[in-house]
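Both backbone and side-chain heavy atoms feed into the values below; hydrogens, waters and symmetry mates do not. Source: prediction; values computed, not measured. Indexing begins at 1, ligand by ligand and atom by atom, following the structure's order.
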Amino acid sequence: MTATCLASTGNSVIGVDIDAQKVRALAAGKCPIFEPGLEELMQAQLAAGRLSFTTDVGQAVRQSAVIFIAVGTPPRNDGSADLSNVEAIISGIAPYMDSSRVIVIKSTVPVGTGQRMSDLLMDLTAHPFSLVSNPEFLKEGAALEDFLRPDRVVIGSDDPDAIQMLTELYAPFVRTPQTILVMSREAAEMVKYTSNAYLATRISFINEIADICAATGVDIAEVCNGIGADRRIGRDFLNPGVGYGGSCFPKDVQALIQVASHAGCQANILRSVHERNEHQKLALAEMVLRRFGNDLTGLTFALWGLAFKPNTDDVREAPAIRVIQRLAAAGAQLRCYDPRACRNAAAMFPENAAIAFVDDPYDAVQGADGLLILTEWSEFRTPSFDRMRSQLRQRVIFDGRNLYQLATMQRQRMEYYSIGRPGILPPTKPNNSHAKGLGSSSAAGVMET
Ligand SMILES: NC(=O)c1ccc[n+]([C@@H]2O[C@H](COP(=O)([O-])OP(=O)(O)OC[C@H]3O[C@@H](n4cnc5c(N)ncnc54)[C@H](O)[C@@H]3O)[C@@H](O)[C@H]2O)c1
């Protein structure tokens, strides 16, 4: 995204990766991830000759004034950020530096990393450099829009020349000069983790409130609207669901807990946010087990949505993956559909005969004993309930994203369970021996996760 967008404003950009296959695909105009609009913009930059891809670090370093580091910083076993990729880049670029460079860390890294990398590079090169923290805030699924029209660009540096250079690079994307926030390198590093930790906290918070609403017979949607109207609170990131996933929130919350712990701080809120989310990811699977019993042998479930959010094919830490594992372990057969993420999800379940991935949402539903919805893709919002009714063996929907109105589900004669709202019970008593219902006083039955 960074390479493509910087090229789109006229810069010459060389993208480097150690993954030769990825580089070949990129050079041929094939984007290895699905992100709306990215592939087309990337192809245009390749065609214009402003963007190229290589595995040759030396060539890229010699030709570049600014070097962006955007490698992965995955979690170690204890949750702390693994910085070995960033260190590898610093060591890898040093031999090719033949004059001064601005080095920009875009990867999400714990506070103090910029200083450590600066010290490391200082030992490896005699040439002057400036090491800047410039964290990335884009949202997967809307990354292009976020890069082209950012809420803010954070530049962590005290070097006026480096700050000027980055300000000029970002100038075409920012609406007002106030969008660029210059601060210390350490503050910039903390801003990134704090932003993600705060957003994750809102999600875990509203999921907890959803439990209380369900247990007390209140509709969480009304509560969200009520509190969201307060400008101090706002309505964004207040949707109850199956928990946050993806490559950022889970790892960044855990990494911040480790940063806190090394600094001698407690981070009790962050620990609770993480624990709550781990539990929430299985909320839908638990509902299924309560409804059908612990042994799901002989039952088939359709799953709609595998990506951790809509408009991406990313299944890293996706709640759907946990739900599939849990239900398959209980003996269920699963038929899964996602508009974009089937290939990535299938790669996580090689040769598992109980789990099928299909190309059509209604193929997934055919003959199933229930439908689970894990991702709020637009195409799931207005399905054909007539078709669903005729294809489902048992007309039960477990909606992890609260896509449908309760009144609609009642009218459509569906048995319906969602997050933080009363369940809609079957219009007639199910004749299946597995059917247990979630209790006649629906709310408590549905939502104890
Ligand atoms: N994905 C997001 O939405 C997002 C948003 C904001 C910030 N970030 C941060 O950006 C960073 C990258 O995230 P990602 O999701 O793109 O990761 P990713 O794992 O999808 O991609 C990282 C790439 O770096 C390459 N790489 C690893 N070591 C290398 C080396 N020594 N030299 C060259 N290339 C190397 C890998 O081959 C891979 O292609 C992380 O720190 C992440 O926290 C990601």
### Y96, OH atom: more than 12 neighbouring heavy atoms under 6.0 Å
no
### Query
What is the closest protein heavy atom to atom 2 (C) of ligand 1, and at what distance does it sit?
E140 OE2, 3.4 Å
### Message
Yes or no: does R316 have any heavy atom under 4.0 Å from an atom of ligand 1?
### Response
yes
### Task
Name the closest protein heavy atom to atom 37 (O) of ligand 1, giving the residue it belongs to and the distance to 0.1 Å.
D17 OD1, 2.6 Å
### Query
Between R149 and E145, is there a salt bridge with N-O shorter than 4.0 Å?
yes
### Query
Can you find an N/O atom of T73 closer than 3.5 Å to an N/O atom of ligand 1?
yes
### Task
Name the closest protein heavy atom to atom 43 (O) of ligand 1, giving the residue it belongs to and the distance to 0.1 Å.
K251 NZ, 2.6 Å
### Task
Look at atom 34 (N) of ligand 1 and say which protein heavy atom is nearest, naming residue and atom and giving the distance to 0.1 Å.
I18 N, 3.4 Å
### Query
If you measure from the Lys or Arg side-chain nitrogens to the Asp or Glu carboxylate oxygens, is any gap between R232 and D230 under 4.0 Å?
yes
### Task
List the closest protein heavy-atom neighbour of atom 4 (C) of ligand 1: residue, atom name, distance to the nearest 0.1 Å.
C248 SG, 3.4 Å
### Query
Should the heavy atoms of other residues, nucleotides or ligands under 6.0 Å from CG of D360 be counted, would the total exceed 12?
yes
### Message
I want to know if ligand 1 touches K106 in the polar sense, i.e. an N/O pair below 3.5 angstrom.
### Response
no
### Task
Quick one: look up the protein heavy atom nearest atom 9 (C) of ligand 1 and list residue, atom name and how far away it is.
T108 OG1, 3.5 Å
### Query
Considering the options D151, V154, V153, T108, which one meets the side chain to side chain contact (heavy atoms under 4.5 Å, CB included) requirement together with F137?
V154
## Note on the structure
If you compare G92, G72, A20, A143 by their heavy atoms, the one closest to atom 22 (C) of ligand 1 turns out to be G72
### Task
Please write down residue, atom name and distance for the protein heavy atom closest to atom 30 (C) of ligand 1.
I89 CD1, 3.6 Å
### Query
For ligand 1, does S247 get within less than 4.0 Å through its side chain, its backbone, both, or neither, judged by non-hydrogen atoms?
side chain
### Task
Pick whichever of A60, A70, S107 has a heavy atom sitting closest to atom 12 (C) of ligand 1.
A70
### Summary
min-distance protein heavy atom vs atom 26 (N) of ligand 1 -> V71 CG1, 3.6 Å
### Query
For F357 and Y337, what are the C-alpha separation, side-chain angles and deciding distance, and is it a ring pair (Phe, Tyr, Trp, His ring centres under 6.0 Å)?
CA-CA 6 Å; F357 296 90; Y337 167 77; over 10 Å; no
### Any donor-acceptor N/O pair, S272 side chain to N268 backbone, under 3.5 Å
yes
### Enumerated ligand 1 atoms positioned under 4.0 Å from heavy atoms of L138
3 (O), 5 (C)
### Query
Which ligand 1 atoms are under 4.0 Å away from a heavy-atom of K22?
38 (C), 39 (O)
### Query
Between K192 and ligand 1, which residue portion shows a heavy-atom distance shorter than 4.0 Å: side chain, backbone, both, or neither?
side chain
### Query
Hey, which atoms in ligand 1 end up nearer than 4.0 Å to a heavy atom of E136?
6 (C), 7 (C)
### Task
Verify the neighbour count for atom CG of D236: are there more than 12 heavy atoms of other residues, nucleotides or ligands below 6.0 Å?
no
### Task
Give a yes or no on whether the backbone of L138 and the side-chain of E136 come within a donor-acceptor separation of less than 3.5 Å.
yes
### Query
Between K30 and E39, is there a side-chain N and carboxylate O pair less than 4.0 Å apart?
yes
#### Entry: Intermediate values then yes/no, side chain to side chain donor-acceptor pair (under 3.5 Å), S378 and R381
CA-CA 5 Å; S378 293; R381 289 185 185 273; 4.8 Å; no
